[in-house]
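Inspection log for the structure reproduced underneath, given as structure tokens.
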Amino acid sequence: MTARVAGRVRSLRARLVITVLLLFTLACVAIGVATSVSLQHFLDDRQDREVEMSVERFEKSATGALRPPPPGDGTPDGVPSGGFFLGPQGPGSIGAVVRDGAATRAELIDQGGVRADIPAADLALLATVAPQDRPQDLELSGGEYRVDAVVGSDGLTYVLGRPNDDVADVTGRLLLIEVVVLGGAVVVAGVAATVLVRRELRPLERVAGVAGQVGTLPLDRGEVHLAARVPDPDPRTEVGQVGTALNRMLDNVEGALAARQDSETRLRRFVADASHELRTPLAAIRGYAELSRREPDPVPAGTAHALVRISSQAERMSTLVEDLLLLARLDAGRPLERTPVDLTRLVLDAVGDAHVAGPGHRWVPDLPDEPVTVDGDAGRLAQVMANLLANARTHTPQGTTVTVGLTTEPGGAATLTVTDSGPGIAPETLPRVFERFARGAASRTRAGNDTPSTGLGLAIVSAVVAAHHGTVSVDSVPGRTTFTVRLPATP
Ligand SMILES: Nc1ncnc2c1ncn2[C@@H]1O[C@H](COP(=O)(O)OP(=O)(O)OP(=O)(O)O)[C@@H](O)[C@H]1O
Ligand SMILES: [Mg+2]
């Protein structure tokens, strides 16, 4: 039962208190029942012995051995000084002499020690009592009696009874005392258990608090300070051991995170350095290829084609290196410029450029009347616009309509949307579009395009927007793809 009740309650504290209380109550009830039962037995035995002795005394006194002096020798109040017909019996005793199944003489000594009459119905009942091994219970008008009978030397049956009230009184009183004392003890135990359990579990709450604190820390990126520790765990207690283990684990995790951050920083620096170093030789390759193409002397057709390819691939590689350098710098948390940027102007310029680059598309700016301004890095935000519009141009067929929307919120935050009516992003690509080098299958092998995509465009959009403390999201179904960039008024 304990387990069932405790099982329905979730908190460990409540379960402990309930379990302790139930066990304590169980023990109290067991003690109470055992005490009552053994006392009842003891009193019953004593009552039986008394009745047996009394009936013998009665038989002896009635047959002469203890017969009282004749009447008239009594005290002024009429009570015979030598005793009753029943002989020297205690108050409450009842007795009868039975001849041939009928009571010939009967007597009752009431609680005050005075002789009293016995109702006729009781006389008839007393006459039915026969000698047996043990005394028996008999319900008379005055209550329940324990009665016994003996057959005297004169052949008459002597019946004597003693009231059971005394035994019932004692056991009843014991039961009352038990209920009051044990009930009080259960209440006191409940309060004590609640206080003690709460005190004992407090260190566990501290451990949970530290674990909860660490649980909310963003550990996946950047420098992480795991300052939270369980204060002074006592290794002699189980909870203290959990606290010590948690502290050790946090030390270990902190070390691992520091190592991770260190290696990430080194890798970023390496990518940034490598990109930076590649810029100069790439510029030289492009320059020399251009120079060679301008050479007035005729060159073989194959060589001329090779030079064009060298130029275009060097161009592509320069773009890639620039993108990598930008990403490495954004990752390193390089501070951005922070000046008021007129987003309306930015959108109009970007749409104008897109118009020139993709005359086959329909470009529709959807701008508010008032200029929209946010604090940020104008160059980077222009790149965000350019990348989104380049995608809308390169990943959609001719004739696609691209709408660029701009709205503001009361706080000054701006929302920029680029929506195209193209075929949409494949569902398997959609969850990864903002990852680095994530490209749709079609984009890898873009037919008829000299410069296959690299899959860094949206990664840069995401990194720049994040550096402005904004968010970017995408919704795409065939016929409607929308990129939404939300920028706070002040990063
Ligand atoms: N407007 C769009 N319509 C359809 N697919 C898109 C659109 N924008 C992005 N995609 C898909 O998302 C992929 C990732 O885009 P992202 O700009 O990061 O890379 P990319 O355009 O392939 O390469 P890069 O921009 O570096 O030249 C694209 O390859 C393309 O499959
Ligand atoms: Mg792109």
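Start at 1 and go down the list; that is how both ligands and their atoms are numbered. What you see is a predicted model; the values in this text were computed from it and never measured.
Atoms of ligand 1 lying under 4.0 Å from at least one heavy atom of Gly424, given by number and element, are 4 (C). Annotation for ligand 1: atoms under 4.0 Å from non-hydrogen atoms of Gly455 are 18 (O), 19 (O), 20 (P), 22 (O), 23 (O), 24 (P), 26 (O). Every atom of ligand 1 is numbered from 1 in the order shown, and the set under 4.0 Å from a heavy atom of Phe483 is 8 (N). For ligand 1, the atoms closer than 4.0 angstrom to any heavy atom of Asp420 are 1 (N), 2 (C).
No heavy atom of Phe434 sits closer than 4.0 Å to any atom of ligand 1. Proximity of Leu456 to ligand 1 is established by a heavy-atom distance of less than 4.0 Å.
Leu291 contributes atom CG, which lies 10.5 Å from atom OG of Ser311 (distance to the nearest 0.5 angstrom).
Environment of CZ in Arg46: sparse, with no more than 12 heavy atoms of neighbouring residues, nucleotides or ligands closer than 6.0 Å. Within a 6.0 Å sphere centred on CZ of Arg260, other residues, nucleotides and ligands contribute more than 12 heavy atoms. Summarising the local packing, CG of Asp369 is surrounded by 12 or fewer heavy atoms from other residues, nucleotides or ligands at distances under 6.0 Å. Surrounding CG of Asp475 are at most 12 heavy atoms belonging to other residues, nucleotides or ligands under 6.0 Å away. The 12-atom threshold is not exceeded at CG of Asp232, counting heavy atoms of other residues, nucleotides or ligands nearer than 6.0 Å.
With atom 28 (C) of ligand 1 as the reference point, the heavy atom nearest to it among His395, Arg316, Arg436 is part of His395. Of the options Thr454, Asn387, Val433, Thr419, the smallest heavy-atom separation from atom 27 (O) of ligand 1 is shown by Thr454. Comparing heavy-atom distances from atom 15 (O) of ligand 1 across Leu458, Thr394, Val474, Val461 singles out Leu458 as nearest.
With no hydrogens or angles considered, no side-chain donor-acceptor pair links Thr401 and His361 at under 3.5 Å. Checked by atom type, the side-chain pair Ser318/Arg286 shows a donor-acceptor distance below 3.5 Å.
Taking 2.8 Å as the criterion, Thr394 does not count as a coordinating residue of the Mg ion (ligand 2), since none of its N, O or S atoms falls below it.
At a heavy-atom distance under 4.0 Å, only backbone atoms of Ala438 (N, CA, C or O) approach ligand 1.
Polar contact with ligand 1: present for Gly457 (N/O pair, distance under 3.5 Å).
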